[in-house]
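Notes to accompany the following structure.
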Amino acid sequence: MAGIRRDLIMNVISAYDSAALNFALGNAESPPAFAPENSPRLLLVDDEPRLLSSLCELLKDCGYQLVTAATGSETLEHLGRLHFDLLLLDLRLPDFGGHEVMDFINDRGIDTKVIVVSGDTGIEAAIGSLKRGAYDYLRKPYTREELLKTIDNALQQRRLENDNRNIAWRLGCSEKLYRYLVDSSPDIIYTLNQDGRFTFVNDRTHQLLGFSTDELIGQHYSILVHDEDIERARYVFNERRVGERASRNVELRLKSRGGSEQDRFFENTLMTISFNSMGMYALGKEVSKQEFFGTYGVARDITERKRAEALISYQAYHDILTDLPNRLLFKDRLGLAVIQARRNLTELAVMFVDLDRFKLVNDTLGHVKGDDLLQQVAGRLKDCLRRGDTLARLGGDEFTVVLPELRDRQDAEIIAEKFLEALRHPFNLDGNEVYISASIGIAIYPTDGESIDELLRRADIAMYHVKAQGKNGHSFYEPTMLDASYQNIALEQSLRRALEQDELEMFYQPQIDVLSGQIVGAEGLMRWNHPERGLLSAGDFLPFAEENGLMIPLSDWMLGALCRDLVQWNAAGGEPLRLSMNISPNYLDRGDFFEKMHRTLLHYGISPSQIEVEITENICIRNPQHAIEQLNKLCQFGVSVAIDDFGTGYSSLSYLHRFPVHTIKIDQAFVKEIQRENGHFPVVLAIISIARGLGLKLVAEGVETAIQVHYLEQSGCTIMQGYYYYPPLSSDQFVDLIHEKRAISA
Ligand code: C2E
Ligand code: CA
Ligand code: CA
């Protein structure tokens, strides 16, 4: 009972009902008093004082409270004031008659018994009295016993009636309570007769389904059941078993009234309901004789739960960001497609689509825009497919496709081309125009594999092959690719080992001042003495290290190695040389970059003025504030900064003002363009004029020919680095070279 909200109860029930409910809930001690309180109270009415006093005398020891009246008006006055159990009423009174008194009693609904006492011998007087509800009619003179017996009988009957009323009231109370509980139950509660017709439904039915009680009573249950569930409903609604075997929690959809017209609320029209129902049996004397007479059921609205379940299962099989199928659903679809292809002896294609340089977008523009880009990409890719094809997102920037029932391989190629074409137009991310391409690998069932995993893996290998070949393209899987991909896995392991076993080495490429012919500095370039593959250039393994999180340990090693070599050069004497070191964006991004640099230089006793760091333009947009802080600290310390690969990057020139830049390196790609003696190469000229305008030092890299040297020198760039002069040299070779040079100039 404690769980019932009293405020709710009070709102919905009348004052009388509330008294009844309060009683039923145990909040009221007793029902309203119907019963005589202590001793019965009698009103004796007679105009003859003698008779009245003899009556009083007669009844005084019987345990009654006695009140007397001699006139009609006196009687009415008493009746208005007090409550009597019995009236002993003389018919003939001086002011008005006993019948009028009884009319008054009846009109007012006064609850009392009346025994008429009269000297009137006419039958009408008796009939009139009894018609007005008199309990009995005593004709004077009567015997003492007759009177006492009649009074006793009347009071006895009154007591019985009171008891009855009391019981009825209590019954009413409990009926009200149960009714209330049933009607305010959150569930539909119903009973069916033997024919499956409703004999009872609670109020909740109306609220949930819109059918009123009157509409349902007498109707067959099937009018409520969704058409597809009728068959199942037969067993559930018409449940005749009890106990263990009675139906439990069967889910059915119920119709609600008029819902089908309102398309918007269509979801509400079919309610999924779980049932508990069992047969109701009359209590026969023997259990075996129980007689079935209907069904009792409870139907709970679980629409919300079903909706939540549907959502959860949708989310389990879909990628939330793009709404595409996820890995799980993709594998499921691929599995089905493979079975079908096997049965129909057809081919199918699995594609692995990986966006190129997506990480850069994510890092530079942030995750929100990265997500936006993924959504737009998903949309464009989806538009390229036929019905029946499945596009899924495996995670990150990886998408997969299954093209079932391939007519021939060309179909897959066409789709891949379509994908690449669809990505060719720029994406708009909040006003930023962004270009992105993809690398696509394709594997064909059954040639390239017969199982899901095999097909996926081979499409993945083909995709990596495209990446290695310069990205933005597609390729079918070829068995030879397998070797290359094993090499990649092996590469990561052996690179870690290379660090431990000291297989790495710094090489140095001299920078020449063409005016003086002197070596003015050198750029440190990492090399790997691979035990099987020989000397590997940085370009062969650093991009891989960058992608696989090895850049930090490699950079730490580089810093130490560079300093050790520099200490040796310095020991050789002569003009101190400037050393350029390449700094990976990942390394600069780390909060402790400056500290490391600072600590290491101090440790080796190297002057910061001997060091130049080379950074790429992209650094400045990744985390500009952070980069600027680090570079400023570096400059204050005395290290200078060069912009590497100038002109090829991803940013504006504005950063040139935001932190101190000392040197610009003209990228090899621009230098390579210079192939004719009298040509005109505007980009090179533009870069040179920017450097001059800002008072920056210029270095041209990748210089391979005399033509290039000549053109650059003519245009105003006089420091050069490239094979034309020297390739990257080992530290020993480099030291020898310096000695050699000094010897010549001496
Ligand atoms: P980068 O900084 O642009 O380095 C110049 C690259 O061009 C070097 O390749 C160098 O060997 C090569 N090169 C030099 N002269 C010529 C030439 O005349 N013609 C041609 N075609 N190429 C020339 P490498 O050593 O393979 O390095 C590739 C990139 O790897 C570097 O590009 C740099 O970004 C990075 N890198 C190299 N060493 C390190 C290092 O120790 N740390 C970091 N963080 N990055 C490094
Ligand atoms: Ca460089
Ligand atoms: Ca460069």
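Starting from 1, each residue takes its place in the sequence as its number. Note that ligands are numbered from 1 as they come in the structure, with each ligand's atoms numbered from 1 the same way. For the numbers below, each heavy atom of this structure counts, side chains included, while hydrogens, waters and symmetry mates do not.
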Taking the six-membered ring of Tyr604 (Phe, Tyr or Trp), confirm whether the NZ or CZ of Arg564 is under 6.0 Å from its centre and within 45° of its axis. no
Can you check whether Gly539 has an N/O within less than 3.5 Å of an N/O in ligand 1? yes
Rounded to the nearest 0.5 Å, how far apart are CD of Gln668 and CG of Asp645? 7.5 Å
Minimum non-hydrogen distance to atom 25 (O) of ligand 1, winning option of Arg527, Glu523, Lys665: Arg527
Centre of Phe419's six-membered ring, under 6.0 Å away, within 45 degrees of the axis: is that where NZ or CZ of Arg424 sits? no
With respect to Tyr724, determine whether any N or O atom, backbone or side chain, lies less than 3.5 Å from an N or O atom of ligand 1. no
Indicate, as side chain, backbone, both or neither, the part of Asp540 found under 4.0 angstrom from ligand 1 when only non-hydrogen atoms are considered. neither
Validation row, ring centre Tyr711 to ring centre Phe681 under 6.0 Å: yes
Stepwise side chain to side chain contact (heavy atoms under 4.5 Å, CB included) test for Phe637 and Lys633: CA-CA 6 Å; Phe637 181 47; Lys633 278 198 233 169; over 6 Å; no
Quick one: CG on Leu334 to CZ on Arg327, what's the gap to the nearest 0.5 Å? 12.0 Å
Provide the atom name of the closest N, O or S atom of Asp644 relative to the Ca ion (ligand 2). OD2
Which of Thr390, Leu385, Ile442 passes side-chain contact (heavy atoms from CB on, under 4.5 Å) with Val401? It is Leu385
So is Pro728 in contact with ligand 1, going by heavy-atom distances below 4.0 Å? yes
List every atom of ligand 1 that sits less than 4.0 Å from any heavy atom of Ser584, numbering the atoms from 1 in the order shown and giving each element. 44 (N)
For ligand 1, find out whether one of its N or O atoms is nearer than 3.5 Å to an N or O atom of Gln668. yes
Atom indices of ligand 1, in the order listed, that fall short of 4.0 Å to a heavy atom of Met558: 40 (C), 41 (O), 42 (N)
Only heavy atoms of Gly722, strictly under 4.0 Å: list the atoms of ligand 1 that pass. 15 (N), 18 (O)
Flag Leu542 as yes when one of its N or O atoms lies below 3.5 Å from any N or O atom of ligand 1, and as no otherwise. no
Atom name, Glu523 (N, O or S, nearest to the Ca ion (ligand 2)): OE2
Rounded to the nearest 0.5 angstrom, the CG-CG distance for Asp371 and Leu321 is 4.5 Å
Does only the side chain of Asp645 get under 4.0 Å from ligand 1, or the backbone, or both, or neither? Count heavy atoms. side chain
Main-chain N/O of Glu454 paired with Ser451 side-chain donor or acceptor, under 3.5 Å: yes
Touching ligand 1 at all, Met506? Heavy atoms, strictly under 4.0 Å? yes
Checking heavy-atom distances from atom 21 (N) of ligand 1 to each of Gln708, Lys672, Met720, Glu704, the winner is Glu704
If I consider every N, O or S atom in Glu614, which one ends up closest to the Ca ion (ligand 2)? I only need its name. OE1
Atom indices of ligand 1, in the order listed, that fall short of 4.0 Å to a heavy atom of Gln509: 14 (C), 15 (N)
Hey, is there an N, O or S on Ser580 sitting under 3.0 Å from the Ca ion (ligand 2)? no
Side chain to side chain contact (heavy atoms under 4.5 Å, CB included) against Glu417, all qualifying residues, sequence neighbours excluded: His474
What pairs with Glu478 under salt bridge (Lys or Arg N to Asp or Glu O under 4.0 Å), at least two apart in sequence or on another chain? none
